[in-house]
Each structure stands twice: as structure tokens, then as C-alpha cells.
Amino acid sequence: MKDSNSLSISNMPQTTISINNFADLLGVSRATVDKWINNGKYKSHSGTDGKTYFFLQEVESIPEVHNMIHSRWKEELNVVPAFEFTSAELFAGGGGLALGMEKAGFRHLLLNEFNHSACNTLRHNRPEWNVVEGDIHDIDFTPFRGEIDFLSGGFPCQAFSYAGKRLGFEETRGTLFFELARAVKEIQPKVFLGENVRGLLEHDEGRTLQTIKNVISELGYTLVEPKILRALQYNVPQKRERLILIAIRNDIAPFVSFKWPDVCTQVRTLRDAFFAGDLFSTDVPESEGQSYPESKKKVMSLVPEGGDWRNLPEDVAREYMKGSYNLGGGKTGMARRLSMEEPSLTLTCAPAQKQTERCHPYETRPLTIREYARIQTFPDDWHFCGNLSAQYKQIGNAVPVNLAWAIGRSLVRLFNDMAALGLITPHNQNAEMRHYTKLTGIFEGMLCEPELKDLNPSNKKINSQRQDSISKKID
């Protein structure tokens, strides 16, 4: 049976959303929504099963709901590239972002990843991809200049040094963001994307993000206002949030504008992930998975669907949680059993960690590999390599495929605009790009740097001619 949230808005005069999913959509607690209801701010309804819900049309004044009702999501599914756009990805992991961008229409010329199991995953599923396994510090990106249109990377957020005053490119040395910035500097893509956790916004009181913004400006790119995208709004059955940074090269930025993808018209739940329907054509296949020791299984068997440690008898909760029992905060990740009628909590690198439990809604066990993968919207034929822990880690760290696909379609639309203005032309589709390893020691710097065409010309005459040409096309 389908959850009412899965019904398309275009097919019904009224649709409903459960109270819990409404809270998730707005990013507030269930207690907050209950308070709104009690104060008469919003009117809830009850079904014959005793569950409460809202009619979407009655809460349409809320931006998140309004965007769902008036979304162009279905139209955006039809966006296709004017011709083949090339891309490269750094910190590629198990392939969530790369797969989504491929679905949008990008052709990957390079994917770099340090983890051996993740590289095997990429090679196994896409033998034609140029997967470069190894330390990003050892890769020379200059041979790719002029060949790669789009560069992306979910860079790990390491500590930044703020000893100096400029807080720019040179002061990010030692961080992996610096390597992403170096790749941008050497490749000079028309657009690049950086992806990270939402916590980057507030990291070190906002100075980390300001440093990143300064570097992007230093590189000669115009940053689109960063945005936190919530996966559950993009056809993903998960409450995951990611900060997305998109920057357009300065010689192109004045003539185009990036539009973020419209949201999906549905809130997906675990039921959509695990059973045949609109999201997947079959039930989730059986697969390997971690298991609980008997002592933990006895505890978790006492937790109802959607519940957590607060549903345990007090003596059991105290024994299970030990010192954490008396700590502040809700601790709602402990002894947590998921609900089939809600999106999953954000997946971690392991489904059975005590602080971030991800127990199956009905069965007393952690989620399996294929259940994990479906929550991240990987297709069932995407095989993960390595041992069980390595597979969970690859999936847990990934960008949800459907979220990446939605972003990718918006990027394709941007590149199509560039193509219409003559700012981008097709590449040689038969060309094969292979990476170059930087020389070190006494040979450092001896790798011949070809005369690279100036993609950010300072020559005013050239810029003037380009602007005149583009203006005529716009007119």
C-alpha cells in the first residue's frame, strides 16, 4: 500500500502529508508542529487509523509546501544537454555524485579517489571511466585545461589556519579544499561545484566559509549564493542535508545565471525505498548486512517502529546507554528504530553505531547493504566492492544519486545557455584524457607545461569583442 505522500499532486485535487513528514519537510521538530496545531496556527486532520495529517492546500502559504505544489520537477526531468559536456570529479568515493551527473548527461574524463575499495567500485560499474586511484596531491591537472567543462568535488572539511589576514588561496594549503582549488586553477573549468555538510556554514563562526569564498574569488570565479539542499525534497527517502557551492568563471558569469532545481512534488519514505512503486520497480533485493549481538538485539526488540531509547523501560535504558543517559540533548539517535512511513534519518558510515542507530522498521536488525543503497537512491545494479564495512562507508558518505541528478539537470540547463550564446563548443568525443603524475624532488617543476590558451583573458580588446558578439546573440 502506498503512503499518501507518494501520490502525485497533479493527480488529486487534495493531497495530505503526515505530521511527522511535515516537520521533516520544514526542518523542525514534531513538538514544534504540535505546538502550532495547539495554538491554532495550522489545522490538522485525523484519519480512521488515528494518524494525523495536513491537507497540503491548507498549508500552501508555507514556502516549502508552495514549492511542492507549484514545482516544475516533471518538466525538469526532460532537460538534456545540447551536446556532450565533459566533467571531472575529485574525492569521488563510491560514485553517488558521479552517477547523478552522468544521468544528467555529463561525460566524465577523470575521477580521482584515494580509497582502494571505492576505486574498485567505480571501475567495476563503469569500466570506461578514467578512475585515477591515489593521492590528489600527486596529480597534475594542467593537461586537462580546455578539455573539461565542469569540475566537482565533495572535499573533506579539514581545519583551516587563520594565522594570516588575507584568508585566501595560499592560506588554505594543507587542506583538501586547497587541492580542489588547485585543480580549478589548473583546469580552468567553466563551472565548478563543491559539496559539503551543512555544518560548514557555521564552522569556526563562519570564517571557514568566508575563506572558501575568498579563494573562489581569487581563482577568478563568481560564486552563486551557497544553498543547503535537503535530500527529501529531491526524490530521496532520507533527511540528509548538503551544502552546495557552485561557481561560474568570471568571463562567463555576466551572461548566464544558474537556477537551482525545483523540488519534487512528493516526500519519499522508506516504504518507497524498500517496495516496488514509483521510486523502484521491484522490492529491495536481499543482501548482506551487519547483525546485532544477542544482548543488543534484546534491547532493540523493545523499541517500537519510529521509536528510540525513550521507549525503553528505564532500567533497560540506563543499562544500555550507560553514561550517556544523564547527558543533555535528545539523544534520539540512540536505540533508534526507523519508521516505514517516514524518510530515513541521515545514513552514517555504519548502521549499528550506538549513537546513530539505524534499525530496520519491522525486523530487529541493522539495515542491509541494498537497503542502505536504496535510501541513497543507488540503482540495484550498482555493485559495491570491498568488505562489509567498506561498502557501508562508501554508501554512507555518498551524495544521494537523485539529489546529484537534480543538481546535474540544473547545471546542464546552465551549460545549454552557454552553448546557445556560443560560450561553449563541442569537444572531440573520441579524445581520451589520462592523468599526469607530478614530478617531485629534483625533478619538480620539470613537467613541460604546454602553452595553454588563456581562458580568463585580461586583454580588454578580446573581452570587448566577446561581449559584443554575445550581446548580438542576446538581442
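Fair warning: this is a prediction, and the values are worked out from it, not measured in the lab.
Between Phe106 and Phe85, the ring planes lie tilted relative to each other; the angle falls in the 30° to 60° range. Ring-plane geometry between Phe144 and Phe141 is classed as tilted, the angle between the planes lying from 30 to 60 degrees on a 0 to 90 degree scale.
Using a 4.5 Å heavy-atom cutoff, the side chains of Arg370 and Phe384 are in contact. In this structure, the side chains of Glu113 and Val131 stay at 4.5 Å or more apart for every pair of heavy atoms. For the pair Gln394 and Phe378, the minimum side-chain heavy-atom distance is 4.5 Å or more. Here the side chains of Thr377 and Pro237 are in contact, with some heavy-atom distance below 4.5 Å.
Dense packing is recorded around OH of Tyr42, with more than 12 heavy atoms of other residues, nucleotides or ligands lying under 6.0 Å away.
Arg268 CZ to Asn235 CG: the interatomic distance, rounded to the nearest 0.5 Å, is 4.5 Å.
A salt bridge between Arg126 and Glu102 is present, with a side-chain N of the basic residue lying under 4.0 Å from a carboxylate O of the acidic one. Between Asp24 and Lys239 there is a salt bridge, with a side-chain nitrogen of the basic residue lying less than 4.0 Å from a carboxylate oxygen of the acidic one. Salt bridge status for Glu64 with Arg230: absent, with no side-chain N to carboxylate O gap under 4.0 Å. Ion pairing between Arg413 and Asp417 fails under the 4.0 Å rule for side-chain N and carboxylate O. Salt bridge annotation for Glu76-Arg409: absent, with no cationic side-chain nitrogen under 4.0 angstrom from a carboxylate oxygen.
Every residue two or more places apart in sequence or in another chain that forms a side chain to side chain contact (heavy atoms under 4.5 Å, CB included) with Val33 is listed here: Ile19, Phe22, Ala23, Val28, Trp36, Ile37, Phe54.
Sorted by first and then second residue, the side-chain hydrogen bond (donor to acceptor under 3.5 Å, both in side chains) pairs with a member in residues 295-305 read Lys296-Glu357; sequence neighbours excluded.
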